[in-house]
**Student:** 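The following block contains the structure, expressed as structure tokens.
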Amino acid sequence: MRFIFYLLALLAGAALSFEGAIYGELGKTIGQIETSFYNFFMGSIIMGLLWLFFGKGKLSYTLEAPKWSLLGGVLGVVYLTSIVVSVPFVGVGITMVAVIIGQLVMSMIIEHFGWLGSKKTRINKEKIFAVISMIIALILIN
């Protein structure tokens, strides 16, 4: 059963690379900020329809959520806009590897300290080696 979630994550990564390439080109045509806006505008329409037909009706509880948890939307904008800006200059491959390195490092820190309700998992030499390997891959790809 876990295999399905690994496969889903793999597909999400592949989709992210396509998205980066597509939005890198769109950014050249309509502008980088406009491309990021377009992404979130279209996403809002699609998610609005999904919420309308399949939602559980708890969106009104948003104001009751811990304020720090609402930062996810802001981070999503920073994340996508950074990709849209980076791809035309350094390419899809380098951008994606750099994104993955950032994700690995921050996820290891979050799990090491158990931040944001995550399970505590100590940073060990294998994880450090994995990050160093990714940095070497970034250098070699470049």
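Side chains included, hydrogens not; waters and symmetry mates left out as well; all remaining heavy atoms used.
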**Student:** For the atom pair CG (Leu26) and OH (Tyr23), what is the distance rounded to the nearest 0.5 Å?
**Tutor:**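 So the gap between those two atoms works out to 7.0 Å.
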**Student:** Go through it in stages, so that I can follow the logic: the residues are Thr35 and Lys28, the test is side-chain contact (heavy atoms from CB on, under 4.5 Å), and I'd like the CA-CA distance, side-chain angles, deciding distance and then a yes or no.
**Tutor:** CA-CA 9 Å; Thr35 297; Lys28 291 177 188 174; over 6 Å; no
**Student:** Tell me, do Thr121 and His112 make a side-chain contact under 4.5 Å, heavy atoms counted?
**Tutor:**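 Side chain of Thr121 against side chain of His112, heavy atoms only: no contact under 4.5 Å found.
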**Student:** What distance separates Thr95 OG1 from Leu138 CG, expressed to the nearest 0.5 Å?
**Tutor:**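 Answer rounded to 0.5 Å: 9.5 Å.
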**Student:** As an exercise, state the distance from CD1 of Ile94 to CD1 of Ile139, rounded to the nearest 0.5 Å.
**Tutor:**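 Going from CD1 on Ile94 over to CD1 on Ile139, the span is 11.0 Å.
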**Student:** For Tyr38, does the OH atom have more than 12 heavy-atom neighbours from other residues, nucleotides or ligands under 6.0 Å away?
**Tutor:** no
**Student:** To the nearest 0.5 angstrom, please state how far the CG atom of Leu52 sits from the CG atom of Leu49.
**Tutor:** 7.0 Å
**Student:** Looking at every heavy atom in both Pro88 and Val84, which two are closest together, and how far apart are they?
**Tutor:** CD-O, 3.1 Å
**Student:** Other than Tyr79, which residues form its hydrophobic cluster under the rule that side-chain heavy atoms must be closer than 4.5 Å?
**Tutor:**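 Answer for Tyr79: Leu16, Ile83, Val87, Val92, Met96, Val99.
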**Student:** Using 0.5 Å steps for rounding, measure from the CE atom of Met134 to the CD1 atom of Ile100.
**Tutor:**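 Met134 atom CE to Ile100 atom CD1 measures 4.5 Å (nearest 0.5 Å).
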**Student:** Any donor-acceptor pair under 3.5 Å linking the side chain of Thr62 with the backbone of Leu59?
**Tutor:** yes
**Student:** Answer yes or no: is there a side-chain heavy-atom contact under 4.5 Å between Thr81 and Gln32?
**Tutor:**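 No, side chains not in contact.
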**Student:** To the nearest 0.5 Å, what is the distance between CH2 on Trp68 and CG on Leu70?
**Tutor:** 9.5 Å
**Student:** Is it true that, when you exclude Lys67 itself, more than 12 heavy atoms of the residues, nucleotides or ligands shown sit nearer than 6.0 Å to its NZ?
**Tutor:**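 Atom NZ in Lys67 is packed in, count exceeds 12.
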**Student:** Has the side chain of Ser82 got a donor or acceptor atom that lies under 3.5 Å from a matching backbone atom of Val78?
**Tutor:** yes
**Student:** Is the shortest heavy-atom distance from the side chain of Ile109 to the side chain of Trp115 under 4.5 Å?
**Tutor:** yes
**Student:** Testing the basics here: between Arg122 and Lys127, what is the closest heavy-atom pair and its distance to 0.1 Å?
**Tutor:**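 What the structure gives for the nearest pair is O-NZ, 3.3 Å.
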